[in-house]
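Quick note on labels: first sequence line is chain A, next is B, and so on, each numbered from 1.
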Amino acid sequence: EADIYQTPRYLVIGTGKKITLECSQTMGHDKMYWYQQDPGMELHLIHYSYGVNSTEKGDLSSESTVSRIRTEHFPLTLESARPSHTSQYLCASSEGRTILETQYFGPGTRLLVL
Amino acid sequence: QKEVEQDPGPLSVPEGAIVSLNCTYSNSAFQYFMWYRQYSRKGPELLMYTYSSGNKEDGRFTAQVDKSSKYISLFIRDSQPSDSATYLCAMYFGSARQLTFGSGTQLTVLP
């Protein structure tokens with residue numbers, strides 16, 4: 001079982017609020033990812049990190065930001081939440097040292113912005 | 001056009017049936033192919049991983065890759081109610097190392 005955790009699991013919040021979604025892993029993985037998943041739609045990569053102090057934007061444009069100050073921690077922040085940010089956010093990590101890109105996913109955070 | 005196409009279903013089968021799940025892709029550079037299983041309100045978990053064309057078997061699951069047709073399949077034999085989940089195909093090529101996912105097929109196995 002993957003040791004990757006996300007909090008909160010569910011969040012209902014009003015428009016304009018600042019929110020931070022937490023993700024941490026205890027596997028010592030170098031690479032971490034944030035995906036956005038809407039019902040019946042594919043996972044879209046919004047941010048990724050190949051190590052400490054390394055962050056990149058993914059294929060899907062997002063108003064969120066991320067930081068990677070510690071290997072195990074990869075929080076995602078929305079400065080001002082909007083209803084269009086309502087979605088499920090999935091965090092993942094992978095070892096990143098071999099060609100085999102096995103990503104381990106957290107349980108996700110379901111965000112509802114009113 | 002999406003790089004990876006997957007029939008979203010939903011697909012309902014009786015317990016014990018053989019299930020066939022499929023994805024097609026357009027980018028011939030894809031080299032590595034995966035199937036993830038996602039239970040309701042959980043994150044995806046890796047089920048099968050294949051590299052080359054051909055079949056790979058793991059218990060009741062068989063992953064098949066046909067690179068010439070740009071087509072991959074997952075077969076589930078003797079399906080069980082516990083197999084009820086959304087199945088996502090994913091793929092990447094070596095230099096990219098970023099996964100491209102299908103939209104998932106929702107499967108229900110009825111007891």
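T100(B) contributes atom OG1, which lies 9.0 Å from atom CG of L45(A) (distance to the nearest 0.5 angstrom). Separating the NZ atom in K31(A) from the CD atom in Q98(B) is a distance of 7.5 Å, to the nearest 0.5 Å.
Looking at P8(B), there are no atoms closer than 4.5 Å to chain A (heavy atoms on both sides), in backbone or side chain. When heavy atoms are compared at a cutoff of 4.5 Å, Y51(B) does not approach chain A at all. Within the 4.5 angstrom heavy-atom criterion, only side-chain atoms of Q38(B), from C-beta onward, approach chain A.
The cluster map of Ile, Leu, Val, Met, Phe, Trp and Tyr, joined by side-chain heavy atoms under 4.5 Å apart, puts L21(A) and Y48(A) in different clusters. Under the 4.5 Å side-chain heavy-atom criterion for Ile, Leu, Val, Met, Phe, Trp and Tyr, F93(B) and F33(B) are members of the same hydrophobic cluster. By the rule that hydrophobic residues join a cluster once side-chain heavy atoms approach within less than 4.5 Å of another member, Y71(B) and F101(B) end up as members of separate clusters. By the criterion of side-chain heavy atoms lying less than 4.5 angstrom apart, applied directly or through intervening Ile, Leu, Val, Met, Phe, Trp or Tyr residues, Y25(B) is grouped together with L21(B) in one hydrophobic cluster. Linking Ile, Leu, Val, Met, Phe, Trp and Tyr whenever their side-chain heavy atoms come within less than 4.5 Å puts M48(B) and F30(B) in one cluster.
The nearest pair of heavy atoms linking R9(A) to R41(B) is NH2-O, 2.8 Å. Scanning both residues, T102(A) and Y49(B), for their nearest heavy atoms gives OG1-CE1, 3.6 Å. Contact between G40(A) and S103(B) at its shortest, heavy atoms only, is O-CB, 3.6 Å.
By number of non-hydrogen pairs under 4.5 angstrom with chain A, the leading residue of P44(B), G104(B), G43(B) is P44(B).
Counting heavy-atom neighbours within 6.0 Å of K42(B) NZ, excluding the residue itself, gives a total of 12 or less. Atom NZ of K17(A) sits in a sparse spot, with 12 or fewer heavy atoms from other residues, nucleotides or ligands closer than 6.0 Å.
Counting heavy atoms from C-beta outward, V4(B) and E42(A) have side chains that stay 4.5 Å or more apart. Put simply, the side chain of F105(A) does not reach to within 4.5 Å of the side chain of E45(B), judged on heavy atoms.
For Y36(B) (side chain) and Q103(A) (main-chain N/O), a donor-acceptor pair under 3.5 Å exists by modelled atom type.
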Donor-acceptor pairs under 3.5 angstrom involving side-chain atoms of residues 87-94 of chain A: please list them, not counting sequence neighbours.
residue	atom	partner	partner atom	Å
S87(A)	OG	Q37(A)	O	3.3
S87(A)	OG	D38(A)	OD1	2.7
Q88(A)	NE2	Q37(A)	OE1	3.0
Y89(A)	OH	H85(A)	O	2.7
S93(A)	OG	H29(A)	ND1	2.8
S94(A)	OG	Y33(A)	OH	3.1
S94(A)	OG	E101(A)	OE2	2.8

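Contacts between residues 106-114 of chain A and chain B, defined by a heavy-atom separation under 4.5 Å, are made by G106(A), P107(A), R110(A).
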